[in-house]
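Every number for a ligand or one of its atoms is a count from 1 in the order of the listing. Values below: all heavy atoms of this structure, side chains included; hydrogens, waters and symmetry mates excluded.
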Amino acid sequence: MNPVLAIYPGSFDPVTNGHMDLIERAAKLFKHLVVAVLRNTEKAPLFTLTERLEMLREVASAFPNVEVDSFDGLLTEYARRRQAKVLLRGIRAVSDYEYELQMAMINRKLEPELETVFMVPAVSFSFISSRLVREIARLGGPVEGLVPPSVEHRLRARLQTSGKQ
Ligand code: PNS
């Protein structure tokens, strides 16, 4: 297993400035960071997998050691295939902790050698979530400062074409 390869998994529907803050911090800590988008989620996503990958690749291109990939099935299986030793997750507030702890423990049971590392974003991003961004955008509110500008454009375009604005 590779101690310098970390996987940052998630739905990224869409990527937010909170995710970007974590990516920027983690890119300084790990030699190689893989942002891994879950392919088949039980939730019906606003953006297709292709769109989520495109948005992430656009914004992550500033970081030469950051790769954007997708995965299906168990995260621990994907980590094993990639020979990653670290799973990275963000914790914004105490309310995130219970779910994240449960996930970290399950993943440890499935793959004891894989370590979950928690990082916290800057406090100015601690209230941002993809779910709230989707809701604000759907209701016609401003998402400026919550997501990268390219994502803001895509949100606007998506909600205009689907007639939700
Ligand atoms: O951004 P999210 O939606 O909070 O990310 C959740 C994610 C994708 C990390 C989690 O659902 C996941 O790892 N799914 C893959 C299936 C899996 O391995 N499940 C068992 C561990 S929870």
**Request:** Say whether Gln102 and ligand 1 are in contact under the criterion: heavy-atom distance to a ligand atom below 4.0 Å.
**Result:**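 No, Gln102 has no heavy atoms under 4.0 Å from ligand 1.
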
**Asked** Any idea which heavy atoms bring Asp13 and Pro45 closest together, and the distance?
**Response**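 Minimum heavy-atom contact is OD2-CA, 3.2 Å.
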
**Request:** Measure the shortest side-chain to side-chain distance between Val37 and Leu49 over non-hydrogen atoms and say whether it is less than 4.5 angstrom.
**Result:**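 Heavy-atom side-chain distance check passes, below 4.5 Å.
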
**Asked** Heavy atoms, side chains only, cut-off 4.5 Å: are Val35 and Asp69 in contact?
**Response**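 The answer is no; the side chains never approach within 4.5 Å.
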
When you measure from [atom] to every protein heavy atom, which one gives the shortest distance, and what is it?
atom	result
atom 10 (C) of ligand 1	Met103 SD, 4.0 Å
atom 2 (P) of ligand 1	Ser11 OG, 3.6 Å
atom 14 (N) of ligand 1	Leu38 CD2, 4.0 Å

**Item:** Asp21 side chain vs Ala122 backbone, donor-acceptor pair below 3.5 Å
**Value:**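 Between the backbone of Ala122 and the side chain of Asp21 there is a qualifying donor-acceptor contact (under 3.5 Å).
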
**Message:** Could you check whether any side-chain N or O of Asn107 sits under 3.5 Å from a backbone N or O of Met103, counting only pairs where one atom can act as donor and the other as acceptor?
**Reply:**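 The answer is yes, because a donor-acceptor pair under 3.5 Å joins these two groups.
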
**Asked** Evaluating non-hydrogen atoms only, which member of Leu75, Leu74, Val37 is closest to atom 20 (C) of ligand 1?
**Response**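 It is Leu74 whose heavy atom sits nearest to atom 20 (C) of ligand 1.
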
**Request:** Considering only protein heavy atoms, determine whether one is less than 4.0 Å from atom 12 (C) of ligand 1.
**Result:**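 No.
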
**Asked** For His19 and Thr16, does a side-chain donor sit closer than 3.5 Å to a side-chain acceptor?
**Response**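 On atom types as modelled, these side chains qualify, holding a pair under 3.5 Å.
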
**Request:** Before signing off on this row, confirm whether Arg89 and ligand 1 have an N or O atom pair separated by under 3.5 Å.
**Result:**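 There is such a contact, yes.
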
**Message:** At less than 4.0 angstrom from any non-hydrogen atom of Asn107, what atoms of ligand 1 do you find?
**Reply:**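 Per the distance check, 21 (C).
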
**Message:** Distance under 4.0 Å to a non-hydrogen atom of Gly73: what atoms of ligand 1 satisfy this?
**Reply:**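 Once the distances to Gly73 are compared, the set is 15 (C), 16 (C).
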
**Asked** What do the steps show when you test Leu33 against Tyr8 for side-chain contact (heavy atoms from CB on, under 4.5 Å), and what is the final call?
**Response** CA-CA 7 Å; Leu33 178 71; Tyr8 180 26; 4.2 Å; yes

